[in-house]
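Chain A is the first sequence line, chain B the second, and so forth, proteins listed ahead of strands; every chain is numbered from 1.
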Amino acid sequence: MKKRNSQGHTMIQQKLLIIDGHSMAFRAFFALPPENFTTTTGQATNAVYGFTTMALRLIEEHQPTHIAVAFDTKVKSFRSDEYPEYKAGRAETPQEFKGQIGLIKQVLETVGITWITKDGFEADDILATLAKQGDEAGMKVLVASGDRDSFQLITDNVNVIYPGRTPADLKIMDAAAVEERYGVPPQWYPHIAALTGEKADNLPGVPGVGEKTAAQWVMKYAGLAGVLANADKIGGKRGEALREHEADVLRNRRLNELLTNLELPYNVADLTREPVNRQAVNELFDVLEFNRLRKRVFDLDANADSNEEIDDTRTIETLELKLVSDGFQNWISQVPDQAVLAVASEYVKTELNALAIYYATEGTGHCYALEPRFLSDTEQKELEDLLTSHAVITHEAKRLRHAFRECGFEIGELAEDVELEAYLLGPDQREYSLPTLSEKYLQRSLPVAESAQLSLLRDFSELAGQAQVVYDLHEVLFKQLETTQLAELYRGLELPVQADLYELEKHGVAMSMDVLNQLLEELTEQVEVAEEAAYNAIGHKVNLASPMQLQTVLFEELQMPKTKKTKRGYTTNAEALVELYEKTQHPFLQHLLAHRDKIKMRQIVEGLISAVGADGRIHTTFQQTVAATGRLSSTEPNLQNIPARTAEGMRIRGAFVPGTGFDYLLTADYSQIEMRLMAHMSKDEALIEAFKSGEDLHRTMAAMVFAVPVEEVTPALRSQIKATSYGLAYGLSSYGLSQQLGISVPEARKLKEKYFERFGGVGRFLGEVVEEARERGFTATMMGRRRYLPDLNSGNTNLRAMAERAALNAPIQGTAADIIKLAMHLVMRVLRERGLASRVLLQVHDELVLEVVASELNEVIQIVTDVMSGAAELSLPLDVSFGVGASWQDAAH
DNA sequence: ATATAGACGTA
DNA sequence: CGTACGTCTATATC
């Protein structure tokens with residue numbers, strides 16, 4: 001890369017790459033399975049390999065003229081002197097890792113890269129010192145580090161390369177990126193970290209203060225010093241907590257400040273890349289048994305030599321963006337038949353405000369942007385034809401479908417959706433907005449769309465840029481789906497399901513206002529009665545919905561025994577209240593519990609009432625990209641958590657009714673699908689047999705475990721086994737099981753052991769699932785859906801245990817999600833093909849709710865049960881049960 | 001208006 | 001100290 005200096009002749013812009021050797025090697029170590037990277041002599045090389053590929057990639061991509069790698073040393077740093085608990089609680093570094101650092105240093109030496117350590121300091125401090133020197137010397141500096149503390153180094157000329165989930169996923173963080181993500185300029189990032197604390201380094205912060213609050217304070221008072229100076233002006237609990245923990249905050253800040261004035265054995269100018277020592281590389285790579293890497297290393301050298309001679313005058317921007325403000329039909333006529341059209345859209349609420357359509361031909365991008373509300377009928381027809389006759393790429397297609405409908409037209413087959421693609425590639429991300437995806441997959445920043453503006457002289461270039469990003473994203477994402485064997489799941493399942501969900505949302509579900517109003521009236525009455533009774537029991541009013549006020553009443557006024565601790569006091573949840581009632585028999589507790597119950601019900605009914613639309617139906621939104629396991633979720637309102645467990649709660653389901661033109665609601669659900677999948681995937685013969693007996697599953701299993709005849713299984717034994725079975729699929733501990741069953745921990749442990757004696761295959765399976773996930777980095781469902789769990793290798797015991805439980809559960813919950821999605825899609829397809837009016841309205845994880853015409857009832861039941869039970873081929877049948885009725889309540893079974 | 005904690009509904 | 005979700009209320013602070 002070149003730039004012109006003031007004298008007018010070209011000079012090379014110097015670029016310095018500094019890598020945190022330890023942190024990058026550590027990530028590589030955990031990302032790559034050691035058994036694939038062990039030499040014939042037994043030397044583990046996964047960290048060496050991972051580090052080397054990562055470094056090569058950085059060099060190839062950024063072509064630095066100067067480069068250095070910094071390492072920590074064994075000598076404790078000054079930070080530990082200041083705070084002995086620093087980084088305490090971290091797991092011991094694995095032995096196989098330690099040995100590889102030496103090898104990495106050897107690799108660096110053979111390829112001509114400088115490495116640096118300094119006793120008493122951390123690699124971070126070396127990075128900071130070099131970054132500062134580089135910046136001052138006018139160099140462009142890239143700092144590769146997995147430590148967020150390095151963000152404080154960012155300036156106009158210093159960027160941080162921060163690894164994402166996988167080692168291949170490297171994000172460039174500049175000032176804008178940090179501000180976008182954390183809400184403060186980079187130099188203040190450590191101020192936030194000091195306030196919130198740092199778990200990994202065992203540095204507690206101010207309780208109750210998270211990233212948002214910290215960022216707000218720091219911005220308001222212009223830095224941490226200002227925050228502390230004005231601590232007395234910050235009122236309330238948080239202000240109090242801040243003043244109380246000032247010492248912690250100051251300590252955190254001292255510890256996370258990186259030193260920029262270390263005496264190092266090298267100056268930045270010394271850090272040029274030396275030629276690769278080919279012979280040494282050959283010898284070392286022979287030992288390491290790296291073969292493919294050799295060529296990349298040698299190529300690197302060749303490029304470095306020629307780098308200085310190339311006069312790089314090519315324009316990088318080869319795309320010409322054509323923006324047309326009129327002549328829509330004329331533009332359309334020029335679109336080639338085989339062009340792939342990327343669509344970007346801009347909304348005001350749900351309404352489509354503007355649209356950009358983009359396609360690329362050889363070296364040129366073409367884009368047309370328009371505001372659909374100004375289209376004439378003919379033009380609108382043209383647009384429909386254009387979109388239906390071409391392959392289309394979108395972002396959030398379901399939203400676009402709804403918006404198109406509001407404009408007065410429907411789009412049939414919309415092909416690709418980059419949001420779904422990104423979701424399948426990384427289902428744990430909580431956000432798939434276009435700017436986020438652009439940054440992550442294209443390393444291109446995209447301005448976050450401003451609020452939509454009205455036409456008059458508006459600038460469409462931003463929207464055009466978005467359409468181009470949609471187009472480019474698909475190229476990248478689909479390729480990645482193919483290499484990860486996810487393309488089939490995407491095309492064959494998620495895309496069709498998205499179109500199905502659009503239909504579900506469009507239809508909505510009819511509500512009986514009479515039932516809702518009746519319920520509201522009753523519940524309001526009951527709430528008032530319980531409230532009154534509660535007040536009388538203690539002799540005064542109190543806000544029953546305030547845990548804080550309740551604590552005062554229960555533990556101070558009434559001096560009741562303390563319950564389990566929460567963050568700021570003692571719990572007042574239902575479980576604890578029941579326990580307190582058993583101990584104290586105080587009537588207040590009864591009334592409080594009744595009040596909780598009734599007010600919760602009323603709140604649900606109120607929510608439903610306000611969600612009923614003008615058509616008398618509720619149109620929920622199904623989220624297809626939020627649940628990391630592959631499940632759907634439902635929002636505004638959530639129709640997947642309507643009460644079902646109590647008769648009282650079920651009455652709310654009585655308000656869900658067939659709409660005009662329909663006669664019944666039909667529900668069909670999989671019975672015990674997760675346990676069946678456990679049986680199938682674990683191949684546990686006893687469990688499969690228990691299912692095949694056709695008798696009550698938990699009862700049969702209890703008889704097997706306790707070696708008694710089925711008739712002798714008591715309800716208590718049955719429920720113990722039931723709890724154990726479901727608990728296991730969630731990674732339940734002996735402690736948790738003991739809590740749930742009200743038995744001692746040793747008893748719970750014994751129960752688990754006994755269970756596994758009979759169902760050994762289940763235990764083996766669960767163990768294997770976690771191990772495989774640890775090695776591969778992800779779990780997979782039967783249909784190949786992945787969930788990445790990098791924390792399986794975390795040094796943090798808590799994080800690791802959490803990831804292990806998620807790993808146990810993800811393949812089971814995820815496979816069940818795959819199956820019901822497929823079943824739903826097939827049911828809808830068959831209903832459509834048969835020309836039936838009956839239709840699917842809701843999906844509740846293992847259940848479908850349909851609205852049925854009486855004359856079609858038998859056929860629909862047949863279709864639903866056949867299709868659902870046939871949706872997957874397992875070693876045991878998928879049982880489906882169904883119910884029909886005049887409401888969701890009556891359709892229960 | 002917005003963030004956080006606590007509680008609780010579903011599979 | 002059991003997985004996966006969403007929503008409501010209180011509370012504190014803007």
Would you kindly check whether a donor in the side chain of [X] faces an acceptor in the base of [N], or vice versa, at under 3.5 angstrom?
| X | N | answer |
| --- | --- | --- |
| A:Arg645 | B:dA11 | yes |
| A:Asn638 | C:dG6 | no |
| A:Arg596 | B:dA7 | no |

With sugar-phosphate meaning primed atoms plus P, OP1 and OP2, does [X] contact a base, only sugar-phosphate, or nothing at under 4.0 Å between heavy atoms?
| X | value |
| --- | --- |
| A:Ser734 | nothing |
| A:Gly727 | base |
| A:Leu728 | nothing |
| A:Ala574 | sugar-phosphate |
| A:Gln813 | base |
| A:Gln739 | nothing |
| A:Arg602 | nothing |

Using atom [atom1] of [X] as one end and atom [atom2] of [N] as the other, report the distance to the nearest whole Å.
| X | N | atom1 | atom2 | result |
| --- | --- | --- | --- | --- |
| A:Ile618 | C:dT7 | CD1 | C1' | 14 Å |
| A:Lys567 | C:dT11 | NZ | P | 19 Å |
| A:Leu608 | C:dT7 | CG | P | 12 Å |
| A:Leu577 | B:dG6 | CG | C1' | 12 Å |
| A:Ile599 | C:dT7 | CD1 | C1' | 14 Å |
| A:Leu737 | C:dG2 | CG | P | 10 Å |
| A:Tyr570 | B:dG6 | OH | P | 13 Å |
| A:Ile820 | B:dT10 | CD1 | P | 18 Å |

State whether [X] and [Y] are salt-bridged, where the test is any N-O pair (Lys NZ or Arg NE/NH1/NH2 against Asp/Glu carboxylate O) under 4.0 Å.
| X | Y | value |
| --- | --- | --- |
| A:Arg774 | A:Glu768 | no |
| A:Lys598 | A:Glu522 | no |
| A:Arg764 | A:Asp684 | no |
| A:Arg718 | A:Asp696 | yes |
| A:Arg785 | A:Asp818 | yes |

Of the listed nucleotides (B:dG6, C:dG2, C:dA10), which one gets closest to any side-chain atom of A:Ala545?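 Closest nucleotide among those given: C:dA10.
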
Quick one: is [X] getting a side-chain N or O under 4.0 Å of the [N] phosphate, OP1 or OP2?
| X | N | result |
| --- | --- | --- |
| A:Ser633 | C:dG6 | yes |
| A:Ser634 | B:dT10 | no |
| A:Thr572 | B:dA7 | yes |
| A:Ser546 | C:dT11 | yes |
| A:Thr213 | B:dA3 | no |
| A:Arg631 | C:dC5 | no |

Assess the residue pair A:Gln624 and A:Glu494 against the criterion (side chain to side chain donor-acceptor pair (under 3.5 Å)); give the C-alpha distance rounded to whole Å, side-chain angles, the decisive distance to 0.1 Å, and a yes or no. CA-CA 8 Å; A:Gln624 203 179 351; A:Glu494 296 295 344; 2.7 Å; yes

When the P atoms of B:dT4 and C:dG2 are considered, how many whole Å apart are they?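 Nearest-Å result for B:dT4 against C:dG2 at atom P: 25 Å.
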
